[in-house]
Amino acid sequence: MDFKKGKIVGMSGKTTLKGNIFRALSANFIVAIVGFLGSFIFPRILTINDYALYHTFTLYLSYITILHLGFPSGMAVNYAGKEFESIDKKQYKSELILLLLILTVGTFGLFVGAVIVKSRMLVYISLAVIPVGVIGSYKSLLQSWNRFKAFSRVSAILSLSVPILAIAYYFVAGVLPGDTYIAIYLIANWIVTAYIILENATFVRGSKLNKLLSKRNLETEKIGLALVAGNYINTLFVSADKQFVNIFFDTEKFAFYSFAMSMQSLMTVFITSISQPLFPAMAQGKFHEKEYNDVKSLLVVFGSLSGCAYFAVSIIVKYFIPKYMESLSVVSVYFVVFPAMAVINCLYTNMYKIFGKMKMYVTTLVAILAIAIILNAGFVFILKDYRGVAIATTITYYIWFIAGFKQFDFMKLTKNDVFYLIIYTVGFFVITEIQNYFIGFFVYGIFILILAVVCYRKLLEKYLSVYFKGKR
């Protein structure tokens, strides 16, 4: 990380890391606000069964990313740190066509399977393969090229279109069936996909086409396969708890748990906002070892501040959708995971890629997935309560958090970190017992600020001074 004229310099003199984080946060702030409103509006206007149906769709949607065979992941690594204007259009054109061919084959195979087993849900999932693959690939490339304005635009359009169309349908029809909600999701994503394909087709128009099965494309696929293996295991890990609840508990419990997970997902939007600009900066070697440790501690503080959202969620649930009050006990457990999740998502997953430790990444994810399954199964069968799944998942994240310090020996878990996390966890559960959520919000905010100053005063002063110098 270089400090020049008070700015944290990222990829080049043109763009600062701070600026990219701000752009990502700005775009994701819109995503979060719309998601926040949608996360409360839709549970209110949907029946519990329809809400559970939609979340069953999103659960299985997360599994189809493997159908791109990792090719876009390899592209993102190859283009990391490069300028968009300097890319080879002939090569890029061949990559785009190859990606669409891969996704088309995946769509056809899944659709045939859906017809054979006569699954309506599988038909929906097959129709999502191309849009999910194209949009996800394009957003990854925009991050690699440091084009966060374009990334923000795509994210904002997607986040706004689905809920706006769904709410408009509800006002016209007076009801919003789960199947209709899924159809709206598919239509909105296909429209954005068509725009992306058209934009890229215009960019490479007139360029000759490189050989599709070239050595370079095969190397890209090789890199991508290693990445997608790790990412897919990570997907299985992230969705394991929800799948356990889906299998072992009734529709109502699954709806409650899905609601709690949607609250967690809103907060991970902000964590992702930091992770996205960090990747290209880290790829350029902008961080020194000590600065990784500084960022780690700042992420711990940032993650703990996310706990303030618990009280906002509680207020809205209590007065707007009281039928989901039971889910707050799951929300409270999940919000404790954010300090660990912030470090894992923003540092560990990026470092595995940047330092070429993909074998370690995959091995770690396999171990973490196994631990998650064992703990989830144990808590389900011992407690016989779906809340136990949330506890098991939180414990698993902290196991990974601690293991990371063994894998990256320049990263240190300091006494301050341990003290902070212990006091934070105890304080969070004590303060969330306050029945007046308005008072709880302010008490918790003050508690975290005092704790952060006690444990990380010099670090906070250092980075805040850099930030405000950059503002002047």
In Å, rounded to the nearest 0.5 Å, how long is the span from [atom1] of [X] to [atom2] of [Y]?
| X | Y | atom1 | atom2 | answer |
| --- | --- | --- | --- | --- |
| Ile64 | Leu122 | CD1 | CG | 10.0 Å |
| Ile196 | Thr193 | CD1 | OG1 | 5.5 Å |
| Ser297 | Lys412 | OG | NZ | 13.0 Å |

Indicate every side-chain donor-acceptor pair of residues 376-389 with a distance under 3.5 Å to a residue at least two apart or in another chain.
residue : atom : partner : partner atom : Å
Asn376  : ND2  : Ala372  : O            : 2.9
Lys384  : NZ   : Phe381  : O            : 3.4
Asp385  : OD1  : Arg387  : N            : 2.9
Asp385  : OD1  : Arg387  : NH1          : 3.1
Asp385  : OD2  : Arg387  : NH1          : 2.9
Tyr386  : OH   : Glu326  : OE2          : 2.8
Arg387  : NE   : Ser329  : OG           : 2.7

Kindly give the heavy-atom pair with the smallest separation between Ala340 and Tyr398, and that separation in Å.
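Minimum heavy-atom contact is CB-CE2, 3.6 Å.
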Non-hydrogen atoms of Ile184 and Ala166 that approach each other most closely:
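That closest heavy-atom pairing would be CD1-CA, 3.6 Å.
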Taking the ring centre of each residue, are Tyr397 and Phe338 less than 6.0 Å apart?
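Ring-ring flag for Tyr397/Phe338: false, centres at least 6.0 Å apart.
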Return the set of residues passing side chain to side chain contact (heavy atoms under 4.5 Å, CB included) with [X] (not counting sequence neighbours), or none when no residue passes.
| X | result |
| --- | --- |
| Ile167 | Ile41, Phe42, Phe171 |
| Val453 | Arg457 |
| Asn189 | Pro131, Ile135, Leu158, Val162, Tyr185 |
| Ile446 | Ile450 |

Under the salt bridge (charged side-chain N to carboxylate O under 4.0 Å, His left out) test, which residues partner Asp417, sequence neighbours left out?
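Asp417 satisfies salt bridge (charged side-chain N to carboxylate O under 4.0 Å, His left out) with Lys296 once adjacent residues are dropped.
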Any residue meeting salt bridge (charged side-chain N to carboxylate O under 4.0 Å, His left out) with Arg44, in chain and number order, not counting sequence neighbours:
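Once residues adjacent in sequence are excluded, Arg44 has no partner under the salt bridge (charged side-chain N to carboxylate O under 4.0 Å, His left out) criterion.
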Could I get the full list of side chain to side chain donor-acceptor pair (under 3.5 Å) partners for Ser62, not counting sequence neighbours?
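Expected list: none.
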Test item: Val336 and Tyr310 side chains (from C-beta on) under 4.5 Å apart, heavy atoms
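Counting from C-beta outward, Val336 and Tyr310 never come under 4.5 Å.
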Is the shortest side-chain heavy-atom distance between Tyr437 and Leu328 below 4.5 Å?
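Tyr437 reaches Leu328 side chain to side chain.
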Is a side-chain N or O of [X] found less than 3.5 angstrom from the main chain of [Y], in a donor-acceptor match?
| X | Y | result |
| --- | --- | --- |
| Trp190 | Leu127 | yes |
| Thr180 | Leu176 | no |
| Tyr348 | Phe401 | yes |
| Asn416 | Cys455 | yes |
| Ser239 | Lys242 | no |

Return the set of residues passing ring-ring contact (aromatic ring centres under 6.0 Å, His included) with Phe410 (not counting sequence neighbours), or none when no residue passes.
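Counting only residues at least two positions away or on another chain, Phe410 forms a ring-ring contact (aromatic ring centres under 6.0 Å, His included) with Tyr292, Phe355.
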Return the set of residues passing ring-ring contact (aromatic ring centres under 6.0 Å, His included) with Phe254 (not counting sequence neighbours), or none when no residue passes.
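By the ring-ring contact (aromatic ring centres under 6.0 Å, His included) rule, Phe254 matches no residue at all.
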Quick one: sort the [X] and [Y] rings into parallel, tilted or perpendicular, breaks at 30° and 60°.
| X | Y | answer |
| --- | --- | --- |
| Phe311 | Tyr444 | tilted |
| Tyr51 | His55 | tilted |
| Tyr456 | Tyr420 | tilted |

Hydrogens and angles aside, do Tyr352 and Gln407 bring a side-chain donor and acceptor to less than 3.5 Å of each other?
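The criterion, which ignores hydrogens and geometry beyond distance, is satisfied for Gln407 and Tyr352.
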Scan the side chains in residues 244-252 for donor-acceptor partners under 3.5 Å anywhere in the protein, sequence neighbours excluded, and list what turns up.
residue : atom : partner : partner atom : Å
Asn246  : ND2  : Gln243  : OE1          : 3.2
Asp250  : OD1  : Glu252  : N            : 3.2
Asp250  : OD1  : Lys253  : N            : 2.8

Using distance only, find each side-chain donor-acceptor pair of residues 100-108 under 3.5 Å and give its atom names and separation, not counting sequence neighbours.
residue : atom : partner : partner atom : Å
Thr104  : OG1  : Leu100  : O            : 2.7
Thr107  : OG1  : Leu103  : O            : 2.9

Ring pair (Phe, Tyr, Trp, His ring centres under 6.0 Å) for Tyr181 and Tyr54? Distances and angles first, verdict last.
CA-CA 7 Å; Tyr181 194 12; Tyr54 181 76; 3.9 Å; yes
